[in-house]
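Numbers restart at 1 for each chain; the letters A, B, ... are given by sequence-line order, proteins then strands.
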Protein chains: 2
Amino acid sequence: MSFTTTEENYIKAIFHLQQGEGTVSTNELAAELHTKAASVTDMLKKLKTKKLLSYERYKGVRLSAEGKKLALAIVRKHRLWEYFLVNTLQFGWDEVHEVAEELEHVSSKKLVEKLDAFLGYPKFDPHGDPIPDSHGKMAVQQQVNLIDLPLNKAAEVSSVGSQSTELLELLKHKHIGIGTKLEVKRKFSFDHSIEIKLKNQNPFTISQQLAQALFVKLV
Amino acid sequence: MSFTTTEENYIKAIFHLQQGEGTVSTNELAAELHTKAASVTDMLKKLKTKKLLSYERYKGVRLSAEGKKLALAIVRKHRLWEYFLVNTLQFGWDEVHEVAEELEHVSSKKLVEKLDAFLGYPKFDPHGDPIPDSHGKMAVQQQVNLIDLPLNKAAEVSSVGSQSTELLELLKHKHIGIGTKLEVKRKFSFDHSIEIKLKNQNPFTISQQLAQALFVKLV
DNA sequence: AATTATTTTTAGACAAATCTAAAAAATATA
DNA sequence: TATATTTTTTAGATTTGTCTAAAAATAATT
Ligand SMILES: [Mn+2]
Ligand SMILES: [Mn+2]
Ligand SMILES: [Mn+2]
Ligand SMILES: [Mn+2]
């Protein structure tokens, strides 16, 4: 069976909101997709008949095995294309999300597999998110939110919590990217800001909001 | 202004049928796009309001300067992606057309320019068709239809007249591709078949239909 | 020139995806 | 528990691209 771009965007949105387990509400989906609750209800009925999800009125929605498989295929394409754009075409990591939003809907299976091979089967995209393999399996990164990192533990940035241009612009200004090594030097309880130190740089503080948008792994 | 995939496909089809100059009929377009004349009329009215073409009822259609520019941009994307698929991802030249049909509608300008640079600004696609540059200019290949090639003149295949899988399958079987060197040894007036000879191979005959689908340049 | 055949356009309908406004169900609060 | 608030669904329209069937215009034949 084949699906429209719109249907695929719904499936991907449900997958991300569902986050492994749990049920997703109509309003959550409407917000995520910048549409209205009534439109979401219509689409959920349609996707139910296509067996991509289980849905009972007023009870929220959950992807079926079928739906999860489709979601993983779309996420795989999205992240492979992002990797291609950054590593092959020299895009900045902050300019690839929108383009990948389109490329992820190109349907050729063979294209995805050939692209994956050409790129050398990468495990993580430019934002540190894991790329599902052709069977839908993805590496689990041992990572912790920067806000929870203990003081003076050497760590490196492994992923970011959002793809917003606002966040990526801020990170570029502060010279923080995937792989950046850092330590937390102090935590301020007044505003929950934290002081971090990058290699060969003076320590500086970052806001609670920024810290929460960064994930790190110990090195 | 931005355009839907459908609108872009209409513009590209008109461009190809128009072939430089001339006017395109509703029925020609309907056949090319596998749709009905009534649908074409509807779309032509719409594209006229968008100033992409000039159209008077019962008088056929012709692209405006604006429309030609858009058509060239789409053709550019189509052929660059085909080149990428064959030369970077190792697709066969007979399997790329359908995929490029989708990729040509990805909208990012930056993507096209970066792709072009990555590929080294190729001038011709895998089928020998010229790739428009970022200003819409394309190389003009000095080529002649194989059916018109004089006897015993060394020539090389420079492009094919269609992208159909049927044609490309036949060419693959006969080991003929872009760049293949050959000479015409005889022409048979009974069925207009011609005998050709490839390097290090015995001569063999090909049908009139096949000869007409091949373009060559003298070497 | 009159008739016939072909091409093209209109009229009206439909499916997909969306919206607003109102009704219904579920949840929270008093 | 009764009432108020929030969430979700239905009802009815709208837009886009398509279709069939019938009408109108053009082109081809006698
Ligand atoms: Mn998308
Ligand atoms: Mn990403
Ligand atoms: Mn296309
Ligand atoms: Mn081509």
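- With sequence neighbours left out, the side chain to side chain contact (heavy atoms under 4.5 Å, CB included) criterion links A:E169 to no other residue.
- A salt bridge is defined here as a Lys NZ or Arg NE, NH1 or NH2 lying under 4.0 Å from an Asp or Glu carboxylate O, and B:D116 with B:R76 meets this definition.
- With A:F15 as the aromatic partner, A:K68 does not meet the cation-pi criteria of under 6.0 angstrom to the ring centre and within 45 degrees of the ring axis.
- Put simply, A:Y55 has a side-chain N or O that comes within less than 4.0 Å of OP1 or OP2 on D:dT9.
- Annotation: ring pair (Phe, Tyr, Trp, His ring centres under 6.0 Å) contacts of B:F84 (sequence neighbours excluded): A:F84, B:W81.
- Under a cut-off of 6.0 angstrom, the local environment of NZ in A:K187 is crowded, with over 12 non-hydrogen atoms contributed by other residues, nucleotides or ligands.
- DNA chain D is contacted by B:T35, B:K36, B:A38, B:S39, B:D42 of residues 34-42 of chain B, taking any non-hydrogen atom closer than 4.0 Å.
- Residue A:N27 places no side-chain N or O under 4.0 Å from the OP1 or OP2 atom of D:dT6.
- In this structure, the side chain to side chain contact (heavy atoms under 4.5 Å, CB included) partners of A:R57, at least two apart in sequence or on a different chain, are A:Y55.
- Using a 4.0 Å cutoff on non-hydrogen atoms, no part of residues 99-108 of chain A comes near DNA chain D.
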Per-nucleotide protein contact string for nucleotides 22-29 of chain D, where B marks a base within reach and S marks sugar-phosphate only (heavy atoms under 4.0 Å, - for neither): --BSS---
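- Contact annotation: A:S25 side-chain N/O to D:dT7 OP1/OP2 distance is not under 4.0 Å.
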Check the pair A:K77 / A:V106 against side-chain contact (heavy atoms from CB on, under 4.5 Å), numbers first and verdict last. CA-CA 9 Å; A:K77 283 193 275 183; A:V106 175; 5.8 Å; no
